[in-house]
J.: 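So that we are looking at the same thing, I have put the structure below in structure tokens.
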Amino acid sequence: MRRPRLLAGLAGLALTAGLLAGALPAGAAETAPAPASAAYTWKNVRIDGGGFVPGLVFNRTEKNLLYARTDIGGAYRWDQAGSAWIPLLDHVGWDDWGHTGVVSLASDAADPDRVYAAVGTYTNDWDPGTGAVLRSADRGATWRRADLPFKLGGNMPGRGMGERLAVDPHKNSVLYLGAPSGNGLWRSTDSGATWAKVTSFTNPGDYRQDPSDTSGYNSDAQGIVWITFDESTGSGTGAGAGATKTIYVGVGDKENAVYRSTDAGATWTRLAGQPTGYLAHKGVLDAGNGYLYLAYSDTAGPYDGGKGKVYRYATATGEWKDVSPVAEADTYHGFSGLTLDRQRPGTVMVSAYSSWWPDTQIFRSTDSGSTWTRAWDYSSYPDRSNRYTMDVSSVPWLTWGGNPTPPEQTPKLGWMTEALEIDPFDSDRMLYGTGATVYGTTELTRWDADAKFTIRPMVKGLEETAVLDLVSPPSGAPLISALGDIGGFRHTDLGAVPPMMFTAPNFTSTTSLDYAETKPDVLVRSGHLDGGPRVAFSTDNGAHWSAGQEPAGVTGGGTVAAAADGSRFVWSPEGTAGVHAATGHGTSWTRAAGIPAGAVVESDRVDPKTFYGFHGGTFYASADGGLTFTAKATGLPAEGNVRFKAVPGRKGDIWLAGGAPDAAYGLWHSTDGGATFTRLPGVDQADAIGFGKAAPNASYPALYSSAKIGGVRGVFRSTDSGATWVRVNDDAHQWGWTGATITGDPRVYGRVYVATNGRGILYGDTSETGGGDGGGTDPGTPPAGACKVAYTITNQWQGGFQADVTVTNTSTAAWTGWTLGWSFPAGQTVGQMWNATPAQTGSAVTARNAGWNGAVAAGGSASFGFTGGWTGTNPVPAVFTLGGATCSAA
């Protein structure tokens, strides 16, 4: 099940941090003096998907312009040429982490460059900040923000309903937003810059999933859930057009679900004769035929729903017609995913989003809902006859490693299928979201000819996992991950999708990982699994696993640690079991003395009998393999989340990070096994600590931390035991909340793996000497006209900007390296640069290749990017040179 994902770090730490005041442009630089920075290249460790995609939005006037929204992982734009998704909200920073939850998206049909996102993750106190509407005039490359006086819930119940944000197709300066929590309907008349409540709309929606829920998660009112314009009731487009007259609005109210305005939103009336007892998840209008289709469910979803209907409303006559694909008595699910074929009037599709067993169902009609066919039927129970074939070879883990009993199949057609869209320009192309991926086909019309069509993952580039723990052993796979919802993976190739998640057992979420420092093929993991087992062991570097026994009282994974030599393990599970120790692979556990239940546990990386624990501001240590612990240092952070790790190869060397903004918060170091700790000066806050390969000519491992240093939040590295730090990410690469875990790579200097809560695993490589990218060489003097340069400003805010540069080799000979030069015409400055090494003297700038992109074949290209500063104006440089020759403009 796709659970609401609020990591412990968010509940106990980031929630108290608050949001930045005011409506800053996306990526705006902070005002505090920035610490030193290093040149880094960032990429995702590929998993492809892994989370719920509740919304897909096609632009209605430009082909192949498509967006996706996720519940906690931001928004994406589809790149048709690369068949991949491009992340659009990586600039969202720590203080605004809630803005990675996207409750709705709207793409402007009159001006396709414009796109809007309604953001905010939770409407209860889990998220301290209010919601916002982000607006972009360049398809999400840059954003401006309008803060709202209420919260939005991208990861709340009902997030698959919608879209709650809509642009008037005729007067595109007018937008509507449906708010939750009793806040009603809102409107902007200045392209999303300011918003005001529509006071004439008086029903804010009273449906609550569970009114008795004291957390506020299930007890919040769903509010206004979708807005649909009748484009046939307006004229013209752009600034001079008149607003669309007829607007339909869906409300979270089982008795009064659909309203209409026929005077451009001045007045509203409840549609007469509408069905009651259900929530209208979607309302999609076929303006040509004059039909409004509505998909109903008895709950808000996305997990639940036991009954549902589909209705068709004739907009001219007011006739309601039940066109449900299944009789109400035969449903065990609700309906949600709803779409029309804009090229073939009368073709409509709808999904049984909450049909978990044996599979989801998708229905299709070519006669405006009079008759329907199904994606699959029973041939002779339990055997199924599918109209489709599933090809998940590009994302093989979608089979879950299962071998289900019919009528279940693997891979499944899906679950939580609330996003379902036919391409408005291509009747053969359909995409739909599930709880783990985006599926699609380019052969949809074969359905109508009773010919099989192929469904494949269409999710490359969309990384939506909540990362709970990471380890990078000194041998074997470079990275092993612990993830929410899909367990975790052994990553043997960072650029390739892993073949399978952890199985035998397959935890719903893996909460903790560890490996034996001197025997890294020995691993242990713990996690959540209804009914258990909740601990597992591997002796082949995570390729295969076996379940361990568990003591009484275990309810969840907690934390687990492996002895340095793999001979024993210590486990602190959730529940009443307390901390336990075992020799061997968890066949018999002994409760530890001297340490409270719920403590975080880790192992010393040298002494196999030494383990450590932390709870409530006190550090604990055991010298007998975890059987007894003794309290050591006190006065450490007692509030917020605390994480600590022992340094490989150094007995008793421990780093501890954590705390809370209104209490002790920072980074501490011990070299005596936790007896005493010294707080590092200059580190304002720290939330995770990890180690990687030492810098060239250094003996101490490189340190990495998600921290606040010098007033700046970011990902930092130290190569001198914490004496000094450099920021390795930048304002364009922040990824919201990154406090769960971090680790360097013990084999590659400079490489760091960063955990996010919804954007998957990011890894950074440095172009510094000794780093993963190495150094570069100069190409010498190429002939005149042998290069071409494309310089694009991709993000700009007050005083700052981001640019991407591509240099193409137009000669007939390969380059072995390159150095590109230019002069800024208006005093601009280079800040951080990735994929190249910068130098600047006055207005003159050079960018020298990284080691991996120095070789450029004839006709080939190399790219790099950077952030910079500007005052007054920010014009593009007029001339670029390479090896003394002037490059042409691309």
Side-chain angles (χ1 to χ4, degrees), residues 23 53-60 65-71 74-77 88-89 98-112 114-121 123 130-137 139-140 143-156 158-169 171-181 183-198 201 204-205 222-229 231 243-244 247-252 261 265 280-285 418-419 421:
V53 179
L56 295 164
V57 176
F58 277 98
N59 185 277
R60 290 279 298 278
L65 183 54
L66 167 64
Y67 296 90
R69 63 178 172 94
T70 70
D71 50 7
Y76 292 80
R77 185 182 69 246
L88 301 179
L89 299 183
H99 291 176
T100 60
V102 184
V103 73
S104 192
L105 276 173
S107 181
D108 188 339
D111 181 356
R114 294 185 179 273
V115 62
Y116 300 85
V119 297
T121 302
T123 60
T130 61
V133 175
L134 307 182
R135 63 191 189 277
S136 173
R139 306 178 185 228
W143 298 89
R144 296 185 66 84
R145 187 175 95 197
D147 288 328
L148 299 169
F150 49 82
K151 297 183 179 185
L152 295 176
N155 197 33
M156 295 290 288
R159 58 192 181 272
M161 296 194 282
E163 294 293 320
R164 303 168 190 247
L165 181 64
V167 184
D168 190 315
K171 191 169 186 176
N172 64 340
S173 60
V174 174
L175 292 89
Y176 285 85
L177 171 66
S181 316
N183 290 298
L185 182 66
W186 288 66
R187 177 169 51 208
S188 172
T189 58
D190 55 7
S191 300
T194 61
W195 293 83
K197 189 172 184 178
V198 181
F201 195 98
Q222 299 294 313
I224 313 300
V225 297
W226 52 263
I227 297 105
T228 296
F229 291 92
E231 61 264 34
T244 303
I247 313 166
Y248 296 89
V249 169
V251 180
S261 173
H281 274 226
K282 298 281 198 303
V284 179
L285 183 70
E418 297 219 62
E421 295 293 334

J.: Run the side-chain contact (heavy atoms from CB on, under 4.5 Å) test on Leu175 and Trp195 for me, step by step, so that the C-alpha distance in whole Å, both residues' side-chain angles and the decisive distance to 0.1 Å come before the verdict.
T.: CA-CA 9 Å; Leu175 292 89; Trp195 293 83; 3.6 Å; yes
J.: Quick check: does any side chain N or O of Lys151 sit under 3.5 Å from a backbone N or O of Pro180, one acting as donor and the other as acceptor?
T.: no
J.: Without swapping roles, check the side chain of Lys171 against the backbone of Thr189 for a donor-acceptor pair under 3.5 Å.
T.: no
J.: Locate the shortest heavy-atom distance separating Pro149 from Trp186; write the atom from each residue and the value.
T.: CG-CH2, 3.6 Å
J.: Rounded to the nearest 0.5 Å, what separates atom CG in Asp147 from atom OG1 in Thr130?
T.: 5.0 Å
J.: We want to know whether Thr121 and Asn155 form a side-chain donor-acceptor pair, criterion being a heavy-atom distance below 3.5 angstrom.
T.: no
J.: Just by distance, do the side chain of Arg159 and the backbone of Asp71 share a donor-acceptor pair under 3.5 Å?
T.: no
J.: To check you understand the geometry: which heavy-atom pair defines the closest contact between Val225 and Val251, and what is its length?
T.: CG2-N, 4.2 Å
J.: How far does CG of Asp168 sit from CD of Glu231, to the nearest 0.5 angstrom?
T.: 10.5 Å
J.: Which residues pass the ring pair (Phe, Tyr, Trp, His ring centres under 6.0 Å) test with Phe201, not counting sequence neighbours?
T.: Tyr259, Trp268
J.: Over all heavy atoms of both residues, which pair between Leu89 and Gly74 is shortest? Give the atoms and the distance, please.
T.: CD1-CA, 3.9 Å
J.: Within the structure provided, determine whether Leu88 and Tyr67 are in side-chain contact (heavy-atom separation under 4.5 Å).
T.: yes
J.: Verify side-chain contact (heavy atoms from CB on, under 4.5 Å) between Val198 and Tyr176, making sure each step is shown before the conclusion.
T.: CA-CA 9 Å; Val198 181; Tyr176 285 85; 4.2 Å; yes
J.: May I ask you to test the Tyr76-Thr70 pair for a side-chain heavy-atom distance under 4.5 Å?
T.: yes
J.: Indicate whether the side chain of Asn172 and that of Asp111 have a donor and an acceptor atom separated by less than 3.5 Å.
T.: no
J.: Quick one: list whatever passes side chain to side chain contact (heavy atoms under 4.5 Å, CB included) with Ala137, sequence neighbours left out.
T.: Arg114
J.: At their closest point, which heavy atom of Arg145 faces which heavy atom of Ala132, and how far apart are they?
T.: CG-CB, 3.7 Å
J.: Under the rule for side chain to side chain contact (heavy atoms under 4.5 Å, CB included), what residues qualify as partners of Ala118, not counting sequence neighbours?
T.: Val103, Ser104, Leu152, Leu165, Leu177
J.: Do Val174 and Arg187 have side-chain heavy atoms sitting under 4.5 Å apart?
T.: yes
J.: Taking all atoms of both residues into account, what is the closest heavy-atom pair of Pro169 and Ala110, and its distance?
T.: O-CB, 4.1 Å
J.: Just by distance, do the side chain of Thr244 and the backbone of Phe229 share a donor-acceptor pair under 3.5 Å?
T.: no
J.: So Met156 and Gln222, do their side chains get closer than 4.5 Å, heavy atoms only?
T.: no
J.: Is there side-chain contact between Ile227 and Ile247, with heavy atoms separated by less than 4.5 Å?
T.: yes
J.: Do Thr123 and Phe150 come within less than 4.5 Å of each other through their side chains, counting heavy atoms only?
T.: no
J.: Can you confirm whether Ser107 sits close enough to Leu65 that some side-chain heavy atom of one is under 4.5 Å from a side-chain heavy atom of the other?
T.: yes
J.: Could you check whether any side-chain N or O of Glu163 sits under 3.5 Å from a backbone N or O of Leu105, counting only pairs where one atom can act as donor and the other as acceptor?
T.: yes
J.: Is there a side-chain contact between Ser191 and Tyr116 (heavy atoms, below 4.5 Å)?
T.: yes
J.: Taking all non-hydrogen atoms of both residues into account, name the closest pair between Ala146 and Ala193 and its distance.
T.: CB-O, 3.5 Å
J.: Which residue is it: Val133, Leu134, Leu148? I am looking for the one with a side chain to side chain contact (heavy atoms under 4.5 Å, CB included) to Val119.
T.: Leu134
